[in-house]
Structure formats: C-alpha cells, structure tokens
Visitor: 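Just dropping this structure here.
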Amino acid sequence: MQALILAGGKGTRLRPLTVYTPKPIVPFCNRAFLLYQIENLRKAGITDITLSLSYQPDKIEHVLGNGSDYGVNLRFITEPAPLGTGGAYRFAAADIRETTVVFNGDILTDFDIGSFIRLHKELGSAATLALKPVENPSAYGLVETDSESKILRFLEKPSDDEIKRLKINTINAGIYVLEPEILDLMPLGENRSFEYDIFPEILKREMPFYADVMKDDYWRDIGTPASYLAAHMDFLNGDIRGFETEPSDRSDVATKAVIDSRSIIGSGCVIKSGARVTNSVIGPGVQIEEKAIVEDSVLWAHSRISTAAEIRGSIIGRSCHVGRNSILDAGSVIGDKSTLTDYTRV
Ligand code: GDD
Ligand code: MG
C-alpha cells in the first residue's frame with residue numbers, strides 16, 4: 001500500500017502566506033503542515049509516500065527531506081506543468097501500480113485511515129471517497145450516496161440551486177483509496193481533474209464507487225487564511241486527536257510577561273515584561289516587546305512585535321516588524337517581511 005499526496009496547487013487563496021512558502025509546508029503549530037498528514041499515514045502503517053509537486057517543489061523537498069526523520073520514505077515527483085489532481089496521480093503512478101491512498105495536501109484530519117482502507121477492501125470498491133458533512137457545501141465537491149454508501153452523484157463546487165435541490169451536505173473530504181484501474185481512465189501527461197473528469201467518468205462507467213462518511217472525526221481544509229487560523233484555534237482547543245507539538249522552550253520569557261497555558265511558543269523567542277500572549281501560536285525566534293498583546297493569533301518565525309502593539313485574530317508572516325502601538329484587528333493577514341509603521345491600524 002502506498003500513498004500519494006497532491007501538493008502541487010499554487011495556494012492562491014492562502015496568499016500572501018504562500019508567496020514565499022508553498023501551502024504544503026506552511027507552518028502549522030510550528031511544524032510543516034504536511035507532517036500531520038505524513039503522521040496520519042504512518043499511524044495506518046503506510047510508509048511509502050509520494051508527494052506530487054508543481055509549485056515551489058525545491059522548498060518542499062528541502063524542508064521534508066527523505067522522510068527518515070519521520071519514520072517514512074518520501075519520494076517527490078514534480079510535474080513539468082500542473083496536470084490537475086487526476087493528471088498528477090496518473091503522472092506519479094508509473095511507479096505506483098497498486099492500491100493507493102490519495103490525500104489532498106491541504107486537509108487537516110484525525111480520520112482513521114486504516115479503517116478507511118479496510119472498508120474499501122470489504123466493499124470491493126474501485127474508488128472510495130471519505131466524506132464529511134459540512135454546513136455550507138458550496139466550496140467543495142458535493143457527494144450523494146445511497147443507503148449502502150454507493151456514490152450516486154458528484155458535483156464539484158455546487159451552485160446554491162443544486163445545494164437546495166439535493167438537500168444533502170456530505171462533501172468530498174479529499175481523501176481517496178483508489179485501485180490502479182482508475183489510472184486507465186486518463187491518458188499520461190494530460191490535464192485531468194478527479195473532481196470534474198474522473199469521478200463523473202467512474203459514475204458513467206458504473207464502476208464500484210463508495211463513500212465512507214466521517215462522524216466525529218476532525219476535518220478541515222486549511223486553504224484560506226480564515227480556515228488556516230481556525231484550524232490553529234481548534235488545535236489549541238484540543239479538538240484534534242493524536243498529534244504532538246514540539247516541546248515548548250520558554251527560556252527568554254520575562255517573569256512579568258503573561259502567557260496562557262494553551263499558547264504554543266517556539267524556541268528562541270523573547271517575550272518582554274508586561275507582554276500578554278493568549279490562545280496563540282508563536283513561531284521560533286519571535287520577539288514580543290513590553291506591553292504588547294497577542295490574542296487568538298498565529299505569528300510565524302522571527303517577527304518582531306514592538307511595544308504596546310495589539311494583535312487580535314490575525315496571522316503575521318515570517319520576519320515581519322509590527323511597529324509600536326499598532327493595532328491589528330481580527331482577520332488581518334500580513335505577508336512575510338512586511339514592516340508596519342508605528343501606530344498602524346489594520
Ligand atoms: N500535483 C498537483 N497538480 N496537485 C494539485 C494540482 C495539480 O495540478 N491542482 C491541485 N492540486 C492539489 C492542491 O495542492 C491541493 O492539495 C489539492 O490538490 C486540492 O486542490 P485545491 O485547490 O485545494 O482544491 P479545493 O480545496 O478547491 O477542492 C478540493 O478539495 C475539497 C476538500 O477540501 C476538491 O477535491 C473538492 O471536491 C473537495 O471537497
Ligand atoms: Mg483545498
């Protein structure tokens with residue numbers, strides 16, 4: 001059993017965070033995002049993992065290495081040009097002619113992959129999709145099943161009318177188990193989308209196509225700043241099972257700084273007297289000066305928050321400088337290396 005992680009998208013909806021950092025390795029609680037997927041696959045006993053890349057592949061390879069630090073073997077395949085989700089699988093599969101678990105590279109989940117694979121085998125399925133019920137399916141692939149979990153319909157990015165008409169809310173969670181016969185549905189080197197081309201084709205051919213609906217499993221696509229931040233809040237709230245964080249090092253924290261027990265502080269941070277950090281993730285090497293306030297926020301490595309600045313519900317990229325007395329309100333997203341003049345309001 002092998003796994004393929006689709007990690008070639010440009011991450012446009014996560015800009016400016018993805019200008020210098022491709023989405024698969026944006027820090028999540030101070031570790032490269034894909035490490036959570038790799039850990040999830042490793043727990044299910046899958047250690048041969050291929051990463052299908054297209055955008056900034058060298059950075060991803062450099063950060064993750066050959067996987068030996070994480071107990072897996074990582075292989076990297078870079079498309080000459082983006083081939084779409086299905087085309088990327090076909091391109092990578094010259095070496096993967098066996099049952100394969102496919103993951104969208106921007107999904108954070110504690111879903112049990114081992115039992116998902118067992119269900120796929122029991123059903124004798126050619127393709128099995130994990131589904132998740134959500135409130136608003138419009139940004140996803142809407143999937144209709146019968147009472148035996150057989151997939152009847154797949155509608156990518158459904159319109160409001162379609163959502164109203166179908167009265168279902170189970171969406172494609174971006175995790176699949178596929179048999180190699182799916183590869184035969186697409187020509188090598190051509191752009192194909194699982195969602196727009198291949199899943200409809202599987203339905204047309206009436207191949208065995210089933211779903212596994214998540215129940216109380218955690219699931220989120222981290223592909224927008226709002227969902228990326230919300231995923232951090234979920235993590236700090238303990239909603240995601242089974243993942244560790246790097247041990248915290250609070251050696252340079254002034255005794256008069258106040259940091260709540262939920263917050264994650266990276267190594268080598270300096271947090272000065274009177275500063276207050278609440279429900280936040282602070283990257284390594286960050287400096288937070290006197291009386292600054294950081295709440296419900298994510299700060300990437302090596303940024304400096306000057307005296308009495310207030311940051312709430314925001315994401316600050318790498319190596320930024322937030323000037324003194326600045327106020328950043330909920331929803332601010334500041335790209336890497338930005339400098340905000342003293343007294344800025346965002
Ligand atoms: N290698 C490669 N090549 N990867 C790609 C390409 C490509 O051309 N295009 C997209 N990807 C990767 C992205 O990096 C991402 O990890 C994954 O495929 C899905 O692409 P997104 O752009 O994030 O799609 P989406 O979020 O709009 O929709 C998809 O995910 C939803 C769940 O979050 C669809 O699969 C929906 O059906 C699904 O509900
Ligand atoms: Mg996505």
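Atoms within a ligand are numbered from 1 in the order they appear, just like the ligands themselves. Predicted model only: the values in this text are computed from it and were never measured.
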Visitor: Looking only at non-hydrogen atoms, which of N104, D106, L6 approaches atom 23 (O) of ligand 1 most closely?
Guide: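 Of the listed residues, D106 has the closest heavy atom.
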Visitor: Looking at R312 and D296, is any side-chain nitrogen of the basic one under 4.0 Å from a carboxylate oxygen of the acidic one?
Guide: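 Judged by the 4.0 Å cut-off on N to carboxylate O distance, D296 and R312 do not form a salt bridge.
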Visitor: When you measure from atom 28 (O) of ligand 1 to every protein heavy atom, which one gives the shortest distance, and what is it?
Guide: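 In this structure, atom 28 (O) of ligand 1 has K157 NZ, 3.3 Å as its nearest protein heavy atom.
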Visitor: Report the nearest protein non-hydrogen atom to atom 24 (O) of ligand 1: residue, atom name, distance rounded to 0.1 Å.
Guide: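 Of the protein heavy atoms, R13 NH2, 3.9 Å lies nearest.
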Visitor: Can you pull out the closest protein heavy atom to atom 39 (O) of ligand 1? Residue, atom name and distance to 0.1 Å, please.
Guide: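 Looking only at protein heavy atoms, the one closest to atom 39 (O) of ligand 1 is N172 O, 2.6 Å.
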Visitor: Under 4.0 Å from any heavy atom of S52, which atoms of ligand 1 are there?
Guide: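 Listed by number with element, the hits are 1 (N), 2 (C).
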Visitor: Hey, does G141 come in under 3.5 Å of ligand 1, counting only N/O atoms on both sides?
Guide: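 Between G141 and ligand 1, an N or O pair is found under 3.5 Å apart.
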Visitor: Taking both backbone and side-chain atoms of G105, is any N or O found less than 3.5 Å from an N or O belonging to ligand 1?
Guide: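 Min N/O separation from ligand 1 is below 3.5 Å for G105.
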Visitor: Test of understanding: given a 4.0 Å heavy-atom threshold, classify the contact between I107 and ligand 1 as side chain, backbone, both, or neither.
Guide: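 Side chain only; the backbone of I107 stays clear of ligand 1.
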Visitor: Which bit of W219 is near ligand 1, meaning a heavy atom under 4.0 Å away: side chain, backbone, both or neither?
Guide: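 The answer is the side chain of W219.
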Visitor: Answer yes or no: does atom CZ of R345 have more than 12 heavy-atom neighbours from other residues, nucleotides or ligands under 6.0 Å?
Guide: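 At most 12 heavy atoms, drawn from other residues, nucleotides or ligands, come within 6.0 Å of this atom.
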Visitor: Which protein non-hydrogen atom lies closest to atom 37 (O) of ligand 1, naming both residue and atom, and how far is it?
Guide: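 Residue, atom and distance for the closest contact: E156 OE1, 2.6 Å.
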Visitor: Got the closest protein heavy atom to atom 4 (N) of ligand 1, with its distance?
Guide: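 Sorting protein heavy atoms by distance from atom 4 (N) of ligand 1 puts G8 N, 3.1 Å first.
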Visitor: Pull out every atom of ligand 1 sitting under 4.0 Å from any heavy atom of K23, numbered as shown with elements.
Guide: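 Counting atoms of ligand 1 from 1, those under 4.0 Å from K23 are 23 (O).
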Visitor: Counting heavy atoms only, which part of Y176 comes closer than 4.0 Å to ligand 1: side chain, backbone, both or neither?
Guide: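 Near ligand 1, Y176 shows its side chain, while the N, CA, C and O stay back.
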Visitor: Does K337 make a cation-pi contact with Y20, if we ask for NZ or CZ under 6.0 Å from the ring centre and within 45° of the axis?
Guide: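 Output yes; distance and angle both within limits.
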Visitor: When hydrophobic residues are tied together by side-chain contacts of less than 4.5 Å, even through go-betweens, does I271 share a cluster with V286?
Guide: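 Yes, I271 and V286 fall within the same hydrophobic cluster.
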Visitor: Which heavy atom of N191 sits nearest a heavy atom of G84, and at what distance?
Guide: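 Closest approach of N191 to G84, heavy atoms only: ND2-N, 3.7 Å.
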Visitor: Check ligand 1 against L83 and write out every atom of the ligand that is under 4.0 Å from a heavy-atom position of the residue.
Guide: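 Counting atoms of ligand 1 from 1, those under 4.0 Å from L83 are 8 (O).
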Visitor: Note the single closest protein heavy atom to atom 26 (O) of ligand 1, along with its residue, its atom name and the distance in Å.
Guide: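 Protein heavy atom with the smallest distance to atom 26 (O) of ligand 1: D221 OD2, 2.9 Å.
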Visitor: Distance under 4.0 Å to a non-hydrogen atom of A88: what atoms of ligand 1 satisfy this?
Guide: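 Those qualifying, in numeric order: 1 (N), 2 (C), 3 (N).
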Visitor: Does a side-chain N-to-carboxylate-O contact under 4.0 Å join R241 and D110?
Guide: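 Looking at D110 together with R241, the answer is yes, because their closest N to O distance falls below 4.0 Å.
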Visitor: Specify whether the nearest protein heavy atom to atom 20 (O) of ligand 1 is under 4.0 angstrom away.
Guide: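 It does not; no protein heavy atom is within 4.0 Å.
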Visitor: If only atom types and distance count, is the side chain of S280 paired as donor or acceptor with the main-chain N or O of T278 below 3.5 Å?
Guide: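 Yes.
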Visitor: Give me the nearest non-hydrogen protein atom to atom 34 (C) of ligand 1 as residue plus atom name, then the distance to 0.1 Å.
Guide: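 So the nearest neighbour among protein heavy atoms is E195 OE2, 3.2 Å.
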Visitor: Could you tell me which atoms of ligand 1, counted from 1 in the order shown, lie closer than 4.0 angstrom to a heavy atom of P82?
Guide: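 Near P82, meaning under 4.0 Å from one of its heavy atoms, ligand 1 has 8 (O).
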Visitor: Minimum heavy-atom separation for S306 to G323, with atom names?
Guide: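 Nearest pair, atom of S306 first, then G323: CB-C, 3.6 Å.
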Visitor: Which word best sums up how the rings of H232 and F28 line up, parallel for under 30°, tilted for 30 to 60°, or perpendicular for over 60°?
Guide: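 Rings of H232 and F28: tilted, as their planes differ by 30° to 60°.
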Visitor: Does K150 NZ have over 12 foreign heavy atoms under 6.0 Å away?
Guide: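 For K150, atom NZ is not crowded (no more than 12 foreign heavy atoms under 6.0 Å).
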Visitor: Write out the residue and atom name of the closest protein heavy atom to atom 2 (C) of ligand 1, then the distance separating them to 0.1 Å.
Guide: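 Result: E79 OE2, 3.2 Å.
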Visitor: Can you give me the closest heavy-atom contact between F111 and A130, atom names plus distance?
Guide: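 Reported closest heavy-atom pair: CE2-CB, 3.7 Å.
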Visitor: Report the angle formed at the Mg ion (ligand 2) by atom OD2 of D106 and atom OD2 of D221, rounding to the nearest 10°.
Guide: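 Taking the Mg ion (ligand 2) as the apex, I get 110° for this pair.
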Visitor: Taking only non-hydrogen atoms of A7, do any sit less than 4.0 angstrom from ligand 1?
Guide: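 Yes; A7 lies near enough to ligand 1 that a heavy-atom distance drops under 4.0 Å.
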Visitor: Testing the basics here: between L41 and I113, what is the closest heavy-atom pair and its distance to 0.1 Å?
Guide: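 Looking at all heavy atoms of both residues, the closest pair is CD2-CG2, 4.3 Å.
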Visitor: Is it true that S227 and T224 share a donor-acceptor pair across their side chains at a distance under 3.5 Å?
Guide: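 Their side chains do contain a donor-acceptor pair, which is all the 3.5 Å distance test asks for.
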Visitor: For atom 8 (O) of ligand 1, which candidate among P57, G84, G9 provides the closest heavy atom?
Guide: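 Heavy atom nearest to atom 8 (O) of ligand 1 belongs to G84.
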Visitor: Determine whether F235 and Y218 satisfy the following criterion, ring-ring contact (aromatic ring centres under 6.0 Å, His included), listing intermediate values before the conclusion.
Guide: CA-CA 10 Å; F235 191 99; Y218 181 84; 9.1 Å; no
Visitor: Show which atoms of ligand 1 fall inside a sub-4.0 Å distance from at least one heavy-atom site of T85.
Guide: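 Result: 10 (C), 18 (O).
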